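All of these numbers come straight from a predicted model, not from anything done at the bench. All heavy atoms count here, side chains included; hydrogens, waters and symmetry mates do not.
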Amino acid sequence: MNKKIYERPILRKVVEGMPNKFGSMKRIRPINTIDNVLIDDIIDSYGSPVFILSEKTIRDTYKSAYRAFSNRYPKVQFAWSYKTNYLDAVCRIFHSEGSWAEVVSGFEYEKALANHVPCNKIIFNGPDKSKNDLVKAIQNKSLIHIDHFDELYTIIQLTDELNERPQVAIRVNMDTGIYPQWDRFGFNYENGEAWNAINRILTNSKIDLIGLHTHIGTYITVSKAYAIAIEKLASLANKTFERFKTTIKYIDVGGGFASQNTLQGAYLPATDTTPSFDDYAHAITTALTSVNFPNNEVPTLILETGRALIDEAGWLAGTVLANKRLADGHRAMVLDVGVNIMFTAFWYDYEIHPVNESSFQSEPTTMYGPLCMNIDVIRKNIDFPLLNKDDRFVIKRVGAYTMTQWMQFITYRPNVVLIDEKGKLHLIRKGEDKEVFRKQEIVPKHLLEKAELKN
Amino acid sequence: MSKLNSLAISDNGFIFKPSTGESFTTNELGLHIIHLLKENKSTNEIITEITREFEIDKLTASRDLDEFLDLLKRENMV
Amino acid sequence: MNKKLTIAVTGLNNIDSPGPGVPVIRGIKDSNLDVRIIGLAYENLEPGIYMPGLVDKTYLMPYPSTGSEAFLERLSYIHSKEKIDVVIPNFDSELYLFIKFDDELKKMGIRTFLPTLEQFEERHKSNLPEFAEKYDIKVPESIALTSIKDLNDLPKPLVFPYWIKGKFYEAFKVTDSSQAKYYFNKLSAKWGLPVVIQQSIYGTEVNVIALGDGEGNTVAAVPMRKQYITDKGKAWGGITIEDERMLEITRHIIKSTKWRGGMELEMIKTEDGEYYLIEINPRIPAWVYLAVGAGQNIPEMLCKLAMGETVKPINTYKNGVMFIRYSWDLIGDISDFEKIVIFGEL
């Protein structure tokens, strides 16, 4: 006799005002391959959890972003934002596509150099550049984006000491009608600080001011905001040209494009609402082409897009450790993936899928990580299929910031693998083990002796 | 199991509890188990029945049954 | 039109803060259109599902927040059973999906008559100041906030009491900062960000229901004064009024935006005769049946426009027509409830 397919018994109370069965049930379907590679095979070879990056998705995403802008504007240059994901393999993919490097620390600067990025194609951003960093960047002719006056004075001082011509831009913050206004980085436009900085740089005559940089915020699609920002930068460029006969070669509009991850608190899923590269490109290039720059020369447009270029390419596969019922009857699942490696789970509602079909039933479930911490929650209240212990799951769109903001807390950080365009797997960052940490630690001599445990 | 007999249970898996006015839904196996409970079958008998009819091992079946019985108890149905 | 039309309508929640579905259906049924009405409901207990003689069939729908995939899948299932000619969505929260996937619906053979995405986005509560500037309309001071911290730091002209409004629905008048914080959290948790702060203006609440043909013409418009307002800010009684200035503002907005579809303009008329636009709802309001009663059957006209017919504008209506809302206890059977819960259809 053929036995029937087993579905575990369920009992659910019909609660009014709660999503109905037909309402909430977007059935979460299993995802068992990434670029035609079986996720089960990846976990079997590289352990659980494991980060998986798709080289194909990275290249495809980059190409579509580049196309969106270059179809609309003659001079476009992307600079890979290292802080978003600075695994060397990832950076090198972007560089091979033509991206420059955008770094915000001495550490990232060294990484960019080691990845063979030509020095004059490294943008050095951020408020934290040590004197040593600046010396190196000046000697290498890297593009230094000055954040504040103290940094500017250090550069002026170094110019005399080194007898080099630093290549600089200034970061400008401004009121574009966007609220809240980002004013903690760079020089303010409205109060004249930015113009003062330009004057200070160009009266020195030993520094080359080649760019203007602004970043008006995240998730901005209002073309008007870009129009205002670019109008203000253009006016600085024009004033600069009139007074010093210096031509601004590039306008850097920063990053800030949203990925398709849904922010907690958003009503509609981001897959339905996130603007496309075309939307952004339209807003920015329309603004750029409607203002006049000195000599009618259009400046190069630099984009430091991070999140929107890499999020989609990253996956995190893991395993269910346990199922449990909370005191109120609510279902909970404990995963081997915690906020230690998924810091971003604090603000995103990640899309999570089972790797294999296990059940057609689903139930509102809270997903906890394995850490002994109450805050270790990966997803609250997701209508998720019933998985058993040892079943596997995969989290979508984790390419941005996870592999840079993760922390070594309680346990080791896992392997990161890359699927190349031919479907071949490469380990690109080894999972940590105790030797990694033993190497960093030094036990004082008087504690070296094997001590008896005191009762 | 007299409490179960007071429930209005339809073949579609819709359960109405007249004493409280609450409604519940269950699935095919849940319905099956409730019928077996009404016949005063013991937990072991139910597990045997489930493993005979469905493609499932004993351990999983008994774990799921325990959970289901817990839910019934929580709702004061058994 | 002689063909029998199948019209799907959402918003059957005829409760204390009612959706427009039931009065829309009443309007359609009052007309001489030959129709089959399909109710689309989000919750098991939306009264419209159970009202005798109202809908021919109801289907449960996934919430828009579930995402477009599930939403379209369910719609196409319903369409395969019912062959829907026109769908009239009545919730702000679902409009985005209906507008964005208008083309897909059209390919399936389902027609809508909705504003464009630009029109829809532009009139958002959070964009009202820009909207007002662009079209030269007077609005109260307002600001969209994305963080509760910003409540402490509101720009100057905003003072208590002010309204605090959810992205899609709900508004509360607050008089101090602890109330403001309470409602900020409540609204952002329910409807997401931003939350909008709008200066409260003293005056009479007046509304216009209107229908634009998408070419700039106002094909219907009826102004009304709210006579009785519930604690949720909903009109529980209203009366049509003769107010040429309100109609002028309406025609101006429809003409300059080329508005397509139904809309409701919420305004405050101050004692010195100034009109402030408070909100633009991009859909038919729940009090639409008053307009039907006053001589403008907006649901009927909207169906005809959706079917591609030319509709002649109606410029007259009776003033002094009133509506008084009332509640009515339907007697239902649990077997109907069971069908909705188990099968999602009734």
*Who in residues 92-108 of chain C is close to chain A, using a strict under-4.5 Å heavy-atom cut-off?*
C:Ser93, C:Tyr96, C:Leu97, C:Lys100, C:Phe101
*C:Asn152 CG: over 12 foreign heavy atoms closer than 6.0 Å*: yes
*Are there more than 12 heavy atoms of other residues, nucleotides or ligands under 6.0 Å from atom CD1 of A:Ile5?*
no
_If the condition is side chain to side chain contact (heavy atoms under 4.5 Å, CB included), which residues does C:Asn13 pass it with, not counting sequence neighbours?_
C:Ile15, C:Glu46, C:Phe91
_Contact class of C:Ser68 relative to chain A, heavy atoms under 4.5 angstrom_ = both
*Select one option (side chain, backbone, both, neither) describing which atoms of C:Glu121 are under 4.5 Å from chain A's heavy atoms.*
neither
*asked:* Once ring-ring contact (aromatic ring centres under 6.0 Å, His included) is applied, do any residues pair with C:Tyr162, and if so which ones, sequence neighbours excluded?
replied: C:Phe160
*asked:* Per the salt bridge (Lys or Arg N to Asp or Glu O under 4.0 Å) rule, what does the pair list look like for residues 57-67 of chain C, sequence neighbours excluded?
replied: C:Lys57-C:Glu345
_Could you report the tightest heavy-atom contact between C:Gly67 and A:Pro269, atom names first, then the distance?_
CA-CG, 3.3 Å
